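Data first, discussion second: the structure below is written as structure tokens.
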There are 2 protein chains.
Amino acid sequence: MPPKIKSPQDREQLRLLILDAARCLFVERGIGSVSMREIAKQIGYSATTLYNYFTDKEALLQALCDADFLALASGMRAIMQIPDPIARIRALCQGYAQFALQHPNHYRFMFMTPKTPTNMEITQIEQGNTEQDAYAQLQQVVQTAFDAGVFREDLQDSELIAQTLWAGVHGVCSLEIALGNEVWMQWADIQARIGLMQEALLRGLLKA
Amino acid sequence: MPPKIKSPQDREQLRLLILDAARCLFVERGIGSVSMREIAKQIGYSATTLYNYFTDKEALLQALCDADFLALASGMRAIMQIPDPIARIRALCQGYAQFALQHPNHYRFMFMTPKTPTNMEITQIEQGNTEQDAYAQLQQVVQTAFDAGVFREDLQDSELIAQTLWAGVHGVCSLEIALGNEVWMQWADIQARIGLMQEALLRGLLKA
DNA sequence: GCATTAACTTAACACCGTTATTTTATTTTG
DNA sequence: CAAAATAAAATAACGGTGTTAAGTTAATGC
């Protein structure tokens, strides 16, 4: 039996140890091999101990992904400094796509897996807070561009515009994650797909 | 014990009975409640009997989805009769999206769930056969439009164009399926999202 | 009617998430 | 310093999963 944890700082350390072990399994062997028992085995504790630190498996996975998504939003904050709104939109889409492709398992868990309605409440990330939520950042910059009058005049809903841009980039990334390795598909280069999606959508949304 | 099956036609009938029971659970209660034991219980057989008809659970689900995807491709064939290639592209995108939203569980299994490379080999659908594969139909009509010179001249890869259109519609549908019920997202109307994705992409891809 | 053969069931294995109970190590108290 | 209290961790168990080996039962061919 491992030495017991009493002090709060040791408790936090074990919490991080659990998350690191889970991340390792999650990233390297996919979501399928992330079982409570296996995480516990990796760090030399019993499975039940994990339940003293996370209410259930989903909360553990959520905590795992939260940290990385805060990192995404943090990287986006640098992009938000770009002065030109349209260049900023381009950079946001690119940054978002690169993140998705570099963290396919996180991405899958967050955006490709239906959750029961309440499950989203356990995340630490404040939705709509531009400091933490990448979509909120996109929405904000689209709103700025919208106010500057760069979009076609028949487009009157900036939320709809932002959601369309998001859906476009998400479509390319999620197809790549789900079906990128299928031999029967002759996929074009992934960067070319991302680039064309971005440019075609912008051409179709911006004033001529 | 149910009466035993000997004749090939009875065998086929039981196969369909299994698939119907599985479809019922799959569509009504989601993929989570589709267990071999539960399917078997529903039709009054033991779980092991299912393994006489399908090699494993994934093969069963694959067979389940194949039938509906053949129906999709079949519906698409009517659309392929539309003379104008661009109107045909629009109708294909619309038909595809409506199918995805009407069969979210099928769609999820087919296009939102990573499969091991070999798993795709168990499908009955001939990929690339325009009679059976909806993507092949899209590719074909995009190629026709490409040959007619309707796309911008900097676009030289019709596969890339088709994949971008697919990814766009897929992005809208898969976000709707995965996150459409989240309370923290103020989604625009789903038909508006599909329509804008389609129109914006076409505007961005077609000659001015 | 009996042997054969195929269909089907039972029992089991090795997992899973989760929880009630029990053990164990530390801390506090007498 | 020893004993009691407490909190942490482990064990055992429940009900579930996909799957398989072995056993049973029903229909078929002779």
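Just so it is clear, the model here is predicted, and its values are computed rather than measured. In what follows, chains are A, B, ... by sequence order, proteins preceding strands, each numbered from 1.
For Asp56(A), there are no side-chain hydrogen bond (donor to acceptor under 3.5 Å, both in side chains) partners, not counting sequence neighbours. Partners of Ala192(B) under the side-chain contact (heavy atoms from CB on, under 4.5 Å) rule, at least two apart in sequence or in another chain, are Leu160(A), Asp189(B). Remark: Ile31(A) engages Phe26(A), Leu61(A), Arg108(A), Phe109(A) in a side-chain contact (heavy atoms from CB on, under 4.5 Å) (not counting sequence neighbours). Applying the side-chain contact (heavy atoms from CB on, under 4.5 Å) test to Ile190(B) and every residue at least two apart in sequence or in another chain returns Leu101(B), Val172(B), Glu176(B), Arg193(B), Ile194(B). The ring-ring contact (aromatic ring centres under 6.0 Å, His included) search around Tyr107(A) returns Tyr96(A), Phe111(A), His170(A), not counting sequence neighbours.
In this structure, Leu60(A) atom CG and dT18(C) atom P are separated by 10 Å, rounded to whole Å. Separating the CD1 atom of Ile18(B) from the P atom of dA7(C) is a distance of 12 Å, rounded to the nearest angstrom.
Residue pairs meeting the salt bridge (Lys or Arg N to Asp or Glu O under 4.0 Å) criterion with at least one member in residues 155-165 of chain B: none, sequence neighbours excluded.
Helix-axis bend for the helix from dG1(C)-dC30(D) to dG30(C)-dC1(D): the local axis fitted to the five terminal pairs at one end deviates from that at the other end by 30°, rounded to 10°.
A side-chain donor-acceptor contact under 3.5 Å links Asp68(A) and His106(A).
The stretch residues 31-57 of chain A comes close to DNA chain D through Arg37(A), Gly44(A), Tyr45(A), Ser46(A), Thr48(A), Thr49(A), Tyr53(A), each having a heavy atom under 4.0 Å from the strand.
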Run the side-chain donor-acceptor check on residues 72-86 of chain B: report pairs under 3.5 Å with partners two or more places apart or on a different chain.
{"residue": "Arg77(B)", "atom": "NH1", "partner": "Glu131(B)", "partner atom": "O", "Å": "2.8"}
{"residue": "Gln81(B)", "atom": "NE2", "partner": "Arg77(B)", "partner atom": "O", "Å": "3.3"}
{"residue": "Asp84(B)", "atom": "OD2", "partner": "Ala87(B)", "partner atom": "N", "Å": "3.1"}

